[in-house]
Amino acid sequence: MMTFSKLAAALLLAGTALALPSAAQAEIPASVRAMIEKAEESDDVEAMQVLIDLADETFPGNADELNAIMSRFRERVAIKTAAAQAAEAEAEQEAIRNAGILQNWSGKGEFGAFRSTGNSSNTGVTAGIELGRQELGWQQNFKFLADFQRSNGVTTREQFLAAYQADVDINDRLFAYGLGQWERDRFQGFSARVSASGGLGYRVLTENPTLTVQAGPAYRVTRSTTGEVSRNIAGLAALDFDWEFAESLKLTQDASAFIQSGNSTYTSTTGLQASLSDNLSARISYAVEHDTNPPLGAVQTDTLSRITLIYDF
C-alpha cells in the first residue's frame, strides 16, 4: 500500500511532468531533485526506491544518474544499519559481562496433570521448572520435574528429576557440554540414580526448526529400593528438536539414551504446544521411558501423558 508521502511524491512528479514538453530525454527539474535530496536524509529504502522509480518513469533518459543515487543511498543505509546492530550487540554483551549472579535468568514454570502406565497406572499432578542463563560464549540450564499422586494415604506415583547442564561454545554450532542429573522413581525400582556426562554437541539447525544433538561418555550410579548400589560406565546420546510449524503452534521432540552394560535407559518425549498469550501456553506431551534390564519386580517400559499450562518468565 502506498503511504501518504509516496502518494504526494507521485502526484508532484506527475504534475511536474505535465508541465514539461515531451522529449526523448527530460531534464530532472530542480524541485524533484530537492525532493530526492530530502528523501536521502531518511533511512527508508522502500520510499526512496518508489521515488527513484517514479522519477525514472516521468523523466526518461536519467536512469544512470538515478540508479547511482539509489546505489549510494542503499550503501549508506546498510552501513548505518550494520553500525547500529554492532552497537546493540556490544551493549548486550556489556550487560551480560556486568550482570550479577541473579540477573539474566529466564525460564518457564509448568503445572498440570498426568496419566501413567507401566510400573504404576494412575492419574496425578505434575509440576516443573526450567531456568537458563546466557553467558558470553557459554550458557547454563537447570531443570526440575516432579510427578506425584497419593490416594487414601498411600503414595502411588513418585517420580522426580533434576538436571543441570553447562554448554561452552567452540564456534557458532559446535559446543562442549557437562551434564549432571539426579532421578528418583521407587515404582521403577530405584531410590536414586545419578548420571554425569561430558562431551560434544552440535546445532544442526538454528532457525526454524531447530535441532541440537550431543553425545559423550557418562558415569551412572544407581541405588535400588532394596539398597543395592551399581556403578557403570555408559555412553550418552541425546537430541532436542523444536518446530513452530504454524502460528502459535510448536512441535517438540526430546530423546536421550544412556547405553551401558546391564541396564540401558532410553527416553523419548513428544509434545505439542499452543500459545495462549505472550507468556502463557498449553502443552500436551507423551513420554516413554524404557529400561532394558530394570530391577526385579519392575516392568521395562513406562509411559506418561501430560496436560500442562506453561508460564514463561
Side-chain angles (χ1 to χ4, degrees), residues 1-99 103-104 106 134-137 139 169 171-173 203-211 242-251 273-281 312:
M1 181 178 293
M2 184 174 291
T3 64
F4 178 78
S5 60
K6 296 173 187 176
L7 179 59
L11 292 174
L12 179 58
L13 289 172
T16 305
L18 291 174
L20 293 173
S22 177
Q25 178 172 351
E27 181 69 23
I28 300 176
S31 60
V32 177
R33 289 187 180 277
M35 185 186 301
I36 293 174
E37 292 173 0
K38 186 66 176 176
E40 285 185 288
E41 297 176 3
S42 74
D43 297 328
D44 192 337
V45 175
E46 183 183 356
M48 184 66 171
Q49 186 65 65
V50 170
L51 184 59
I52 291 295
D53 290 343
L54 288 171
D56 187 34
E57 293 176 7
T58 310
F59 310 102
N62 298 283
D64 290 343
E65 179 185 1
L66 293 170
N67 288 338
I69 292 172
M70 190 65 208
S71 179
R72 289 194 301 270
F73 180 78
R74 286 183 179 275
E75 183 178 358
R76 180 187 67 78
V77 172
I79 292 173
K80 184 176 180 180
T81 301
Q85 291 174 343
E88 183 179 355
E90 177 60 30
E92 290 178 356
Q93 291 186 359
E94 185 66 22
I96 292 174
R97 278 192 290 266
N98 297 327
Q103 294 178 305
N104 286 351
S106 61
Q134 183 70 41
E135 311 282 352
L136 290 180
Q139 44 274 334
D169 293 338
N171 57 39
D172 289 344
R173 291 178 179 263
R203 302 177 183 98
V204 181
L205 303 173
T206 58
E207 298 297 332
N208 184 36
T210 62
L211 173 62
D242 293 326
W243 178 29
E244 191 170 346
F245 61 91
E247 186 177 1
S248 302
L249 285 175
K250 181 168 67 173
L251 175 69
Q273 187 169 321
S275 296
L276 304 178
S277 66
D278 290 342
N279 299 98
L280 188 65
S281 57
D312 295 316

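- Crowding of Asp64 atom CG: a count of heavy atoms from other residues, nucleotides or ligands under 6.0 Å not exceeding 12.
- Between the side chains of Asp169 and Gln139, at least one donor N or O lies within less than 3.5 Å of an accepting N or O.
- Side-chain contact between Ile52 and Ile69 is present, with at least one heavy-atom pair separated by less than 4.5 Å.
- Looking only at distances, no side-chain donor or acceptor of Asn62 sits under 3.5 Å from a matching main-chain atom of Glu65.
- Considering every non-hydrogen atom in both Ser275 and Ser281, the closest pair reads CA-CB, 3.8 Å.
- Here the CG atom belonging to Leu51 is positioned 12.5 Å from the CD atom belonging to Glu46, to the nearest 0.5 angstrom.
- When atom types are taken as modelled, the side chain of Thr210 and the backbone of Glu207 share no donor-acceptor pair closer than 3.5 angstrom.
- Between Arg76 and Glu41, the shortest heavy-atom contact is NH2-C, 4.5 Å.
- At most 12 non-hydrogen atoms from other residues, nucleotides or ligands lie less than 6.0 angstrom from CG of Asp172.
- For Glu88, there are no salt bridge (charged side-chain N to carboxylate O under 4.0 Å, His left out) partners two or more places apart in sequence or in a different chain.
- At least one donor-acceptor pair closer than 3.5 Å links the side chain of Arg173 to the backbone N or O of Val204.
- Taking a cutoff of 4.0 Å between a charged side-chain nitrogen and a carboxylate oxygen, Asp43 and Lys80 qualify as a salt bridge.
- Ser71 places no side-chain N or O within donor-acceptor distance of the main-chain N or O of Asn67, the cut-off being under 3.5 Å.
- By the 4.5 Å heavy-atom criterion applied to side chains, Pro29 and Phe59 are counted as neighbours.
- Looking only at side-chain heavy atoms (C-beta outward), Ile36 and Met48 come within less than 4.5 Å of each other.
- Gln103 CD: more than 12 foreign heavy atoms inside a 6.0 Å radius.
- Side-chain contact between Gln273 and Leu249 is absent, with no heavy-atom pair separated by less than 4.5 Å.
- With rounding to the nearest 0.5 angstrom, the CD atom of Gln49 is 10.0 Å from the CG atom of Leu54.
- If you take CE on Met35 and CD1 on Ile28, they are separated by 12.0 Å, rounding to the nearest 0.5 Å.
- A donor-acceptor pair is defined here as one N or O able to donate and one able to accept, closer than 3.5 Å; no such pair exists between the side chain of Arg203 and the backbone of Leu211.
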